[in-house]
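Since the structure comes first, as structure tokens, the remarks are kept for the end.
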Amino acid sequence: MNVSTEEAALSAAELRRREAVHLRRAKAADAVMRAVLFAAAAFSILVTLGIVYVLVKESVAFFRHVPLSDFFTDTQWTPLFADAHYGILPLLAGTLVTSAVALVVAIPGGTISAIYLSEFAGARVREAVKPVLELLAGVPTVVFGYFALLFLTPLLQRIHPNLPTFNMLSAGLVMGIMIIPYVASISEDAMRAVPKAMREGSYAMGATRLQTALRVVVPGAFSGIAGAYILGMSRAVGETMVVAVAAGQQPNFTFNPLEGAATITAYIVQVSLGDVPHGSIGYQTIFAAGLTLFLVTLAFNILGYMLRARIREVY
Amino acid sequence: MSVAADPRAIERIARANERRDAAFAVLGLLVLFVALLVLTALFVDLLIDGWPRLNWEFLTGYPSRFAHRAGILPAIVGTFAVMLVTAAAAVPVGVLSGVYLEEYAPRNWLTTVIEININNLAGVPSIIYGLLALGLLVHQFRLGESILAAGITLALLILPMIIVATREALRAIPSAVREAVYALGATKWQVMWHHILPYSTGGILTGVIMGLARAIGETAPVITIGALTFIAFLPDPPFKAEFPFVSFEWLTAPFTVMPIQMFNWVSRPQAAFAVNAAAAGVVLIVMTLAMNAAAIVIRNRFRRRVRW
Amino acid sequence: MEQPTTMPALDLSGRAPAQAQDDAPPKVEVRDLNFHYGEFHALRGVSMVIRERRVTALIGASGCGKSTFLRCFNRMHDLVEGARYEGEIRLFPDDINIIDRRVDPITVRMRIGMVFQKPNPFPKSIYENVAYGLRIRGISRRRVLDERVERALRQAALWDEVKDRLHRSAFDLSGGQQQRLCIARALATEPEMLLLDEPTSALDPIATASIEELVTELRERLTILIVTHNMQQAARVSDYTAFMHLGELVEFGPTEEIFTRPREKRTEDYITGRFG
Amino acid sequence: MEQPTTMPALDLSGRAPAQAQDDAPPKVEVRDLNFHYGEFHALRGVSMVIRERRVTALIGASGCGKSTFLRCFNRMHDLVEGARYEGEIRLFPDDINIIDRRVDPITVRMRIGMVFQKPNPFPKSIYENVAYGLRIRGISRRRVLDERVERALRQAALWDEVKDRLHRSAFDLSGGQQQRLCIARALATEPEMLLLDEPTSALDPIATASIEELVTELRERLTILIVTHNMQQAARVSDYTAFMHLGELVEFGPTEEIFTRPREKRTEDYITGRFG
Amino acid sequence: AELIRIDGSSTVYPITEAVAEEFQIAHRGRIRVTVGISGTGGGFKKFCRGEIDIADASRPIRPKERKACAENGVRFIELPVAFDALTVVVNPRNDWVDHLTVEELRRIWEPAAQGRILRWSQVRPGWPDVPLRLYGPGSDSGTFDYFTEAVVGEAGASRGDYTPSEDDNVLVQGVAGDRGALGYFGLAYYEENRGRLRAVPIRHGDRPPVAPSLETARNGTYQPLSRPMFIYVNAEAARRPEVRQFVEMYLDKAVAPQLVRDVGYVPLPEQAYDLALEHFRRGVTGTVFEEGSHVGIRIEELLRRERRD
Ligand SMILES: Nc1ncnc2c1ncn2[C@@H]1O[C@H](COP(=O)(O)OP(=O)(O)OP(=O)(O)O)[C@@H](O)[C@H]1O
Ligand SMILES: Nc1ncnc2c1ncn2[C@@H]1O[C@H](COP(=O)(O)OP(=O)(O)OP(=O)(O)O)[C@@H](O)[C@H]1O
Ligand SMILES: [Mg+2]
Ligand SMILES: [Mg+2]
Ligand SMILES: O=P([O-])([O-])[O-]
């Protein structure tokens with residue numbers, strides 16, 4: 001082995017010394033970065049704590065006025081009016097119905113789109129379509145709201161003449177289409193991450209693209225896809241402007257998507273667009289409603305987490 | 001050999017499978033087509049409505065009581081300024097949190113709770129971030145109704161999206177690569193900085209883009225912190241001729257953003273303002289398009305560089 | 001420490017060498033096959049006959065195109081952008097040209113199984129990995145599946161190691177176990193022909209021996225094309241051997257001839273380069 | 001076709017067998033090493049001495065714990081949740097216990113290089129793959145890097161194949177080329193000891209021979225621990241051989257002894273099981 | 001540059017925006033004006049904390065808000081700037097309503113009607129048995145406060161089972177698509193959507209029913225639903241020349257009436273502008289609105305009343 005002049009100039013001891021210095025620095029950087037990273041992660045916990053703090057603080061005051069039993073059993077929600085009722089059920093029902101309609105559209109739509117893009121479409125189609133889909137996610141939701149109210153509802157009214165102007169069906173459908181890109185894009189990323197060797201294994205067995213997609217790629221990408229679904233659900237539950245504009249804002253305890261009803265978010269935005277004096281019961285209602293919403297999404301997520309853990313176990 | 005012996009039987013099975021395959025391809029195209037059709041319908045509708053106002057004066061004009069004179073320059077500048085703050089705040093914090101949670105945090109009940117919490121945070125409705133910002137940023141921290149407050153609010157909103165996207169991107173990197181780097185004596189941070197982060201940049205960027213695209217059209221939380229609507233001037237420029245050349249005054253300046261301007265016009269009684277709203281919608285979508293396009297170029301460059 | 005300079009000559013006794021005049025009918029006939037990855041010309045005018053129920057080995061230096069050649073047989077390259085086939089690979093008895101665009105690759109793949117160089121189990125249970133091929137052929141009766149899965153696992157010499165954890169993830173297996181699982185997966189559907197791409201490169205000798213034994217056993221029922229860089233393995237299991245170099249088929253013939261009296265200088269260099 | 005029933009005996013002539021009384025000082029001493037993956041007890045009370053500038057081979061059936069054992073030497077298991085070490089792996093001359101929690105794994109890994117079973121190049125250029133280890137040691141002078149990269153690639157018998165495309169992606173290489181790249185990457189930093197986990201399982205014979213030659217060459221400067229399931233490879237390149245079975249070290253000694261007169265029945269079974 | 005901060009009512013916003021626009025043109029951008037929409041109440045909150053110079057208000061300041069101002073030492077000048085006519089609308093396909101009495105409106109909207117008055121036939125005998133669906137502003141707006149006070153007799157006293165929206169165009173859409181609908185909002189929204197809505201004449205006491213229009217609002221015959229709108233100027237800020245100039249333009253009878261008409265509201269009588277300007281110049285602080293009803297008061301009368309801080 002020929003030792004070069006370049007190398008000879010640096011004695012072995014010198015090299016070792018330099019390495020040691022460098023290693024010390026690298027380790028110091030490592031320790032610093034570990035602290036920085038921890039701080040960053042801790043910050044997101046801080047955000048949650050902030051939210052919980054703000055929500056709980058006002059909600060506590062709210063529940064001093066309103067017994068929990070009323071909150072969960074009364075079927076009317078008119079907290080800002082003379083004959084005040086504080087039953088969250090109508091808002092909850094509205095939220096669940098609009099979300100359900102949206103998810104019936106978004107989950108199959110998003111999954112099918114993702115499978116199509118990742119397993120069927122050629123690279124060129126995928127690279128062209130995906131950005132456009134992502135663009136759908138960037139359209140202000142107000143626009144979608146008016147689109148539902150002024151375009152889709154009249155269309156639906158032609159099929160179903162008795163459909164009221166404000167209805168949960170139209171809002172839910174548009175919301176569903178709006179959420180498709182979220183589900184599709186994240187699912188597609190997850191599917192793309194499945195190693196090529198696994199696909200090859202499946203194709204070599206004589207599987208078609210569909211079989212490979214459904215039996216190998218989707219299970220392999222399941223954690224990512226489940227994440228996409230949960231994000232989609234949360235978006236549906238938390239979407240504000242579309243339902244505020246198109247679903248009507250009248251609290252209405254019904255599970256019929258052909259009727260109009262207010263959702264929790266529609267209520268909050270309707271109230272915060274106006275102005276409610278700080279410290280009034282009206283002000284506290286939006287936090288109590290917000291807390292409910294927070295807990296609903298939390299429940300979804302825990303459910304999703306358990307589902308994922310369970311499905312992983314099967315493999 | 002039972003089932004598979006006969007080439008004709010195989011052919012039959014294969015044909016049946018392929019019919020399903022083809023049917024799915026049609027279905028997939030159809031779904032994409034519908035989704036794209038909705039987008040197209042929406043965009044064309046906006047374009048037709050807003051067409052009369054889509055001109056240079058509109059882009060460079062200030063608000064006015066006359067719909068045909070009103071412009072959106074302050075809203076565009078405001079949107080850019082807010083997005084700048086949002087990205088500057090959310091990307092580092094989000095990516096670093098994602099790295100910590102995915103690569104550093106020990107796997108225990110605490111991390112499980114944190115994981116659920118982050119996912120949940122991603123699903124917290126934007127309006128609640130608005131309430132948080134109103135309660136904490138505007139009142140407690142006295143940031144007022146400033147670009148800084150709005151930027152941070154939207155940053156908080158997209159933070160979980162970026163964290164989740166970062167984690168997914170990191171997870172996609174084969175552990176063999178990590179092992180290879182560790183085996184050479186790299187520190188954890190070197191593994192991250194030299195390898196894992198560069199290889200996952202594409203995925204992280206996707207998350208960032210989706211987050212910013214969401215933030216740019218977000219109305220509700222900016223309303224709750226009380227963005228102003230009549231702003232007939234621009235914030236101070238960040239660069240100055242005299243020392244120290246940079247200025248952060250723009251951070252505390254009053255501002256308006258595109259969706260607020262749109263919402264304001266939409267709720268005007270005069271139909272002419274609806275035209276402005278549509279035109280603003282078109283501009284907003286084009287802005288998002290440009291953002292996406294730029295990001296896709298970057299992402300593809302990364303993807304081309306990193307293959308498995 | 002000096003490098004060993006001599007190695008024992010290959011022992012080809014005890015084999016049942018295929019006759020120079022083999023009576024086995026051709027299973028596949030490759031005619032002037034050319035293959036390109038985009039610009040790169042990876043296979044150059046390869047022609048050969050693969051006989052039914054015989055084991056044909058492909059040897060050659062790393063990067064010479066063995067895997068590329070093998071993958072032509074089940075149209076795996078269809079999945080690669082820019083791949084281009086030319087020539088014919090005729091599959092008998094029905095005499096179809098495998099690489100003809102009009103021939104359905106799915107049918108081809110159902111008839112011709114494959115095991116890859118790196119183990120690639122699916123993210124499923126061990127059981128579901130093996131059952132996969134059956135399921136996509138529409139078989140879902142539990143009893144049938146159970147039986148076929150067990151048989152395939154036994155053939156792949158894996159049954160005893162996994163019979164108690166059939167429903168655990170295939171990823172929990174060691175590299176060698178994973179590869180045997182992939183072999184079991186390919187066998188479960190009982191293909192007419194099996195393509196093996198260095199199937200034992202991740203296996204220990206005992207597992208290797210049992211796989212080799214299995215190859216010998218399978219030879220009674222199906223045609224096997226095996227890539228290996230273990231010359232001894234080629235010598236042990238194959239009836240015919242093809243030696244490739246830089247995308248060309250340098251020499252092809254009965255294994256015994258190739259190893260004992262190669263006609264081409266390059267073949268001899270390669271084989272003896274290993275041992276001398 | 002019958003399975004060949006006899007194989008030539010291993011030729012151990014031409015080697016420079018390590019003396020039973022080796023004068024090489026110990027490089028590593030393993031004392032009663034136990035290792036657990038969570039519940040699973042993967043290594044059971046392993047003790048052995050690895051001598052400096054000698055090649056020690058690890059053989060054993062698939063899944064017996066060879067890779068697991070090897071990975072203890074550079075604390076790779078630190079990255080696995082629930083991994084637990086017990087016992088000692090003392091590294092000389094400084095006599096530190098590698099698996100002691102207080103010992104810094106980074107320093108250990110800088111001193112002990114590793115090459116894995118499956119090639120795992122970085123998605124960077126060929127050049128950067130090899131240069132990486134140097135860069136994290138603070139070497140960034142272009143001239144030094146160029147020279148060291150070239151030397152490492154030559155040692156790994158890859159230089160001629162890649163010298164014209166050093167700045168192309170490492171993923172454009174074939175499997176065998178990738179593995180040789182990984183070897184070059186480990187060599188570039190000139191470690192005191194090298195861990196090789198079936199480094200040639202993806203290589204063709206010519207590349208294998210050159211790697212083996214390299215191992216023999218490196219032996220003059222560093223200590224090598226190599227996992228292999230190619231018995232002949234173990235016989236050819238190693239001074240000492242350890243035979244493992246189900247997590248236990250069954251037998252350990254000079255290679256010649258292990259292969260010619262194993263003391264344990266299990267060792268003999270394993271070795272002869274392979275050959276007849 | 002100097003900055004004038006204005007916030008408050010969304011109803012008054014278009015007028016203030018118009019003035020601000022003209023003002024900035026006149027001063028070529030040397031003076032900056034910002035106008036926000038926090039609603040009347042939100043505007044007063046900021047105003048009384050001293051954060052803004054001028055508050056837009058679609059109703060008079062409340063005693064509670066006055067107290068908040070007083071606690072912070074904020075004194076204000078109350079200035080009426082325009083009129084609006086709250087318009088009650090029904091669907092054009094509604095062929096049975098010719099007019100509504102205030103009493104009928106009260107029966108429809110009072111809290112006791114919640115969950116009870118659900119069909120048109122319950123409003124006036126002889127009207128068809130069609131479901132009655134209601135649309136109106138949210139409970140936090142000045143419009144809501146004024147309507148409930150004028151119709152029910154107490155600010156904020158309303159039933160809760162209707163579709164409330166802060167965006168009046170949403171209400172327009174709701175009424176336009178629903179044969180059984182009844183809603184109320186500002187005149188401008190009706191004027192812009194004449195084809196899709198029908199305004200209902202209102203009968204107050206014994207007088208004949210009056211339909212809402214710019215004319216009937218200005219001449220005071222459209223009662224009790226025509227309302228004045230205000231700006232409240234911080235007395236301290238009023239000393240600053242730019243604020244002074246701004247308010248003077250707001251009350252300039254050569255400029256203001258046209259601006260008000262441009263955005264769809266009813267200008268004050270000329271004389272009222274003079275009176276208001278005079279108050280402002282003299283720096284008269286305080287409000288003329290004591291507790292109790294202020295419905296249906298003529299503007300000149302208001303301006304002559306005694307003021308209290
Ligand atoms: N997808 C691809 N695109 C371009 N070139 C490729 C591709 N796959 C392989 N090659 C090139 O084609 C040649 C043949 O590769 P192949 O994998 O068939 O070799 P091999 O004989 O199987 O080698 P090994 O024994 O190392 O597996 C090599 O030079 C390789 O670099
Ligand atoms: N991360 C892990 N968690 C749990 N068990 C593991 C893990 N990795 C390996 N094992 C188990 O530990 C045992 C030893 O595995 P190891 O990879 O060391 O085997 P090996 O001797 O290297 O086999 P091969 O020759 O197939 O590579 C096997 O039974 C394997 O299933
Ligand atoms: Mg190959
Ligand atoms: Mg191993
Ligand atoms: O914004 P308001 O005028 O309804 O208070």
C:F73 and C:F69 aromatic ring geometry - parallel, tilted or perpendicular at 30°/60° bounds = perpendicular

With the side chain counted from C-beta on, respond yes when C:E52 and C:E192 share a heavy-atom pair under 4.5 Å apart, and no when they do not.
-> no

Between C:P105 and chain A, which part of the residue has a heavy atom less than 4.5 Å away: side chain, backbone, both or neither?
-> neither

Please say whether more than 12 non-hydrogen atoms of neighbouring residues, nucleotides or ligands are located less than 6.0 Å from CZ in C:R165.
-> yes

Among A:T208, A:V194, A:V216, which residue forms the greatest number of heavy-atom pairs with chain C at distances under 4.5 Å?
-> A:V216

Member of C:I224, C:I226, C:T223, C:I50 meeting the side-chain contact (heavy atoms from CB on, under 4.5 Å) criterion with C:T56 | C:I50

Part of C:R71 within contact of chain A (heavy atom distance under 4.5 Å) | side chain

Compute both the distance and the angle, then confirm whether C:R142 meets the cation-pi test with C:Y127: under 6.0 Å from the six-membered ring centre, within 45 degrees of the axis.
-> yes

Portion of C:L195 that has a non-hydrogen atom of chain A nearer than 4.5 angstrom = neither

Which one, A:G201, A:P195, A:G122, leads in non-hydrogen pairs under 4.5 Å with chain C?
-> A:G201

